[in-house]
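Here is the structure we will look at.
So you know, we letter chains A, B, ... as the sequences are listed, proteins then strands, and number each from 1.
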Amino acid sequence: MSSQRKQYPFSYFEPKWQHRWAESQTYRTPNPGDDGFDASKPKYYVLDMFPYPSGEGLHVGHPEGYTATDILARWHRMRGYNVLHPMGWDAFGLPAEQYAVKTGQHPAATTARNVARFKIQLERIGFSYDWSREVNTTDPDYVRWTQWIFLQIYNAWFNPETNRAELINTYQGNDPDSVRLAYVAEMPVNWCPALGTVLANEEVVDGKSEVGGFPVERRPMRQWMLRITAFAERLLAGLVPLDWPESIKLLQKNWIGRSEGAFVKFAVENSEHRIPIEIYTTRPDTLFGATYMVLAPEHPLVATITTPEQKEAVENYIQTIASKSERDRQDASHEKTGVFTGASAINPVNEERIPIWIADYVLTGYGTGAIMAVPAHDDRDYEFAKKFHLPIQEVVRPIAPTFQEQTSEKQVAENTSLGGITSEEFAPGGIIPGGTGVPPVIHPIPQPSPPSCFTGEGIAINSGLLTGLPTADAKRKITTWLEERSLGRAAVQYKLRDWLFSRQRYWGEPFPIIWENGHHRALNASELPVRLPELDDFKPTGTAEPPLAKAKDWVHYSDTATRELNTMPQWAGSCWYYLRFCDPQNSSQFISKETAHYWLGDGKRTPGGVDLYVGGTEHAVLHLLYSRFWHMVIYDLGHLPTPEPFQRLVNQGIILGNDGQKMSKSRGNVVNPDEVIHDYGADAFRLYEMFMGPLEQMKPWSMKGVEGVYRFLARVWRLVMHETPDGEWQLIEALADIPPTPTQLRVLHATIKKVTADLGTLSFNTAIAQMMVCVNELTAAEKRPIAALRTLLILLSPFAPHIADELWEQLGKKFAEFEGHAHTQTWPQHDESLLIENEVEIVLQINGKVRGKLTVSKNAERARIEAAARADEKFSAHLQGKEILKVIVVPGKLVNFAVKN
RNA sequence: GCCGGCGUGGCGGAAUGGCAGACGCAACGGACUUAAAAUCCGUAGGAGCGAAAGCUCCGUGGGGGUUCGACUCCCCCCGCCGGCACCA
């Protein structure tokens, strides 16, 4: 292809326009108060997820979302909006540091090189970014504010009474460090010996490091944590009014993992004294079915309660668990393991003695690290009970028999035998009524194993005071009962954990924190930014000491104080970059009140500040959740006008290789944008990215497809230009300042209508298809009405801005209608009256099958349409001898005769 | 295992419950050309009948249902992709 003659001179005019746009600062967006700012226009903030500038350069996946947002940015400018459309670099990160370890090259140097390359690549695509707002997370002027925001978090606490972050000095307790939103804790972390660093949970995949695939082990370490869990409820509730895909909201919701239940105290029966063990359950209604208890192996009371006889077995078990990798432990498919501690607990609702086990299926980090086991109504407990022959006590019956139970005699029989309880036992009798002291029926081992356990909701049975109550009522009643006796209380739990915020790395933001006499202390804002020290060796220390420990002078803050050695994770910089874009050069604030208020809005109409945020699903949970959390804290502290960062979110789909496989170097199916642009031009590249299919869908790349849209653009070019024998491009003779034909007008206005509507729904592929229809129509015409071409070029301009501006300029040489540029024109509006056809073709159906067609006047009435259908000879032949049951007439569409066969 | 998403020609994909396959790719036929490429015009879901105009049947992963009418709505099943993975 590259050797082939070009169908239109894109390699001449695309760079030409890119230079012109850059020189005239066409896409610079003034802020409120700046010269050229028009306060009367509405604002539109359209944002891309900024890239990590890797050494690989751009691949065709990046520009997919970028092209979509660029089209929308350009479209909104043409519709009279002030558009904020910036780009920057998420430039801290592990790859640059690993490269530095290998080559000794400073990460700042490689990062700068990669950024330069990425920028050139983006510029070649003709994106309309306001480059005067470019930010780089590694820039000290940016780091200053990342550190400043960290200090806001550090100097804040979550006040449960106001349900918001407040300054730490409003805290009345005597140990403020215990409630700060940034705190230090000894945490079991993912220590990766090969990388010499800890990793966040999300950086560990299948027990190995996401980067490099090295083994990861658990090890306790002193870490900075951010108290994101305090905001769990608001992070959950805040999702509701956001215009995000429901699937993404669900992912976040599940990640936060809210559950309602109760804490319940069980007393341990011990020769010495009674120690209460607190458990968490979401099903307090099944308390009467608790036949044993399980503690996590790491539970602090394990050593205390274990009997001398069981000591050895318990210790061996704990040893085995400790030596297991996190991966093996987390693997839910492995068989349940555990040992008996020898101790027993008393079930508070029925005074029943139940054994206490330890098992690794109970996790330390959730709830209280201890559970009551109800094998009849919990899959895990059921599996465990079967394996260790523990009793199973049914306490909930399904309300309605299932379909299978209704139809299968066998199932009914089996169900009745479940727990050996018949329907008569619903009435008090064999079961403990509340407080009567009658012992519960716990079946001895061995017993016939129930066929399965029932985890749904139903009616309580065998449950004393709860018997006969539906699950929801039973939960309420037993919780009240427990609360009255101080045996338990209602509680809400979340799966969400606090955010492990420190990394033992070089290439990240240093903490603005020093240590003095064993206490941490914040630096003053005036001391920011804390810059990274120079190092000539970036290798991990090999111990848990971060690389910054090597910079002895830097570490020494004063004779009594040393600097924090950890750095922040990569998420830190990307948590707030969308804010800095509003006011990137502000040296006294991270964002001014005025710019924040303008670009983010007042938070009243919509909670989110950014109007549209486009990026990959891989950030569905962490980046978006962390950003929301930071935003919330800064908002609470009064620095931001909106409670949420991103109002509308769209995920672009992954672009696969030609072979339908994920693009990767090893498969050799990676497409380089530079080559595509060299061969077909930036406009064709942009157009193909959008024409492939729906933005959100995964789809394979096809060079043939690129050629298709390239040919389309060449057809547009030839609507206006032709090549002379000596290779010059000239305006064609057929251009004429004449009114378009009615058909042309109809197609043109249908195109205005469809392109406009499709841009609103981000259906770029169908918008382009409609423009193709329009071009096909105009190509067929002998005379080319310039009014039609004018509109077409305006519509095309957001998609293919170079060719639109070039043809506009060419036409402007001859026709006065082409003033200025295509991209500065006002977006056209369609005229609905031009779309209406006087004659419409309607379909004649029999029982829904097409049996004929008929052309009628557009406003023909039902009766006339039906009569016309009956009068149609060919069609009515099909009706011969049939009994007509019903006639459906949809005016302008069809007539359907329902007949009896 | 649980939760989401998706299954439409040879391919990418279109279709407020109303003519399935818009638009593009690949293919085929024609025009232009010494020839090819490019371009332009045209054909085209599959099977069958017909000399032809045309006609019939089958078709949106599979099976049922609702409806005059289902790619579209409901139920069950299968396959692929993504997320979570013992969260009590």
If the [atom1] atom of [N] is compared with that of [M], how far apart are they to the nearest Å?
N      : M      : atom1 : value
B:rG45 : B:rC80 : C1'   : 24 Å
B:rA70 : B:rA15 : C1'   : 13 Å
B:rU16 : B:rA26 : C1'   : 33 Å
B:rA14 : B:rG61 : P     : 14 Å
B:rA20 : B:rG69 : C1'   : 14 Å
B:rU67 : B:rG79 : C1'   : 29 Å
B:rC71 : B:rG21 : C1'   : 11 Å
B:rG82 : B:rA47 : P     : 35 Å

[X] [atom1] to [N] [atom2]: how many Å, rounded?
X        : N      : atom1 : atom2 : answer
A:Ile256 : B:rG83 : CD1   : P     : 19 Å
A:Trp244 : B:rG4  : CH2   : P     : 19 Å
A:Leu625 : B:rG83 : CG    : P     : 17 Å
A:Phe875 : B:rC55 : CZ    : P     : 13 Å
A:Lys495 : B:rG83 : NZ    : P     : 15 Å
A:Ile248 : B:rC3  : CD1   : P     : 18 Å
A:Glu866 : B:rC68 : CD    : P     : 16 Å
A:Phe897 : B:rU67 : CZ    : P     : 21 Å

Output all residues satisfying salt bridge (charged side-chain N to carboxylate O under 4.0 Å, His left out) with [X], sequence neighbours left out; order by chain, then residue number.
X        : value
A:Glu841 : none
A:Lys662 : none
A:Glu618 : none
A:Glu246 : A:Lys249

Hey, does [X] reach any base, or is it just sugar-phosphate, or nothing, if we go heavy atoms under 4.0 Å?
X        : answer
A:Ser259 : sugar-phosphate
A:Ser702 : nothing
A:His722 : nothing
A:Arg851 : sugar-phosphate

key: Heavy-atom side-chain contact between A:Glu457 and A:Lys475 under 4.5 Å   =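 SC-SC contact between A:Glu457 and A:Lys475 confirmed.
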
request  = Could you pick out which residue, A:Leu250 or A:Ala370, lies toward the 5' side of RNA chain B when each is mapped onto its nearest nucleotide?
outcome  =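 Whichever sits nearer the 5' end wins; that is A:Leu250.
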
message = Between A:Leu496 and A:Val709, which residue's closest nucleotide on RNA chain B lies nearer the 5′ terminus?
response =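 With A:Val709 and A:Leu496 compared, the 5'-side residue is A:Val709.
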
Pairing residues for [X] by the ring pair (Phe, Tyr, Trp, His ring centres under 6.0 Å) criterion, not counting sequence neighbours:
X        : value
A:Tyr317 : none
A:Phe384 : A:Tyr292, A:Trp357, A:Tyr361, A:Phe388
A:His619 : A:His623

I want to check one thing: is the phosphate of [N], taken as OP1 and OP2, less than 4.0 Å away from some side-chain N or O of [X]?
X        : N      : result
A:Lys886 : B:rC68 : yes
A:Gln7   : B:rU39 : yes
A:Tyr361 : B:rA88 : no

query = Who passes side chain to side chain contact (heavy atoms under 4.5 Å, CB included) against A:Gln697, sequence neighbours left out?
reply =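 Applying side chain to side chain contact (heavy atoms under 4.5 Å, CB included) to A:Gln697 gives A:Pro694.
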
request  = Identify, with sequence neighbours excluded, every residue that meets side chain to side chain contact (heavy atoms under 4.5 Å, CB included) alongside A:Glu733.
outcome  =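 None.
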
If you restrict it to nitrogen or oxygen atoms, what contacts under 3.5 Å exist between nucleotides 40-46 of chain B and the protein, and what is each distance?
{"from": "B:rC40", "atom 1": "OP1", "to": "A:Arg715", "atom 2": "NH1", "distance (Å)": "2.7"}
{"from": "B:rC40", "atom 1": "OP1", "to": "A:Arg718", "atom 2": "NH2", "distance (Å)": "3.2"}

query = Syn versus anti for B:rG9, judged by chi lying within 90° of 0?
reply =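 Classified syn.
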
inquiry  = Side chain of A:Lys849 only, heavy atoms from C-beta on: which candidate in B:rA88, B:rC58, B:rC3 is closest?
reply    =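 Shortest atom-to-atom distance from the side chain points to B:rC58.
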
query = Does one side chain, of A:Glu689 or A:Thr67, offer a donor that lies under 3.5 Å from an acceptor on the other?
reply =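 No pair is found: no donor N or O on one side chain lies under 3.5 Å from an acceptor on the other.
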
Check: [Y] main-chain N/O paired with [X] side-chain donor or acceptor under 3.5 Å:
X        : Y        : answer
A:Tyr710 : A:Gln7   : yes
A:Gln252 : A:Ala620 : yes
A:Ser664 : A:Arg667 : yes

Under the 3.5 Å Watson-Crick or G-U criterion, the dot-bracket string of RNA chain B, with | for inter-strand pairs = (((((((..(((.....[....))).(((((.......))))).(((((....)))))..(((((..]....))))))))))))....

inquiry  = Each nucleotide in nucleotides 9-22 of chain B should get exactly one letter: B, S or -. Can you fill that in based on protein heavy atoms under 4.0 Å?
reply    = ---BSS---BB--B

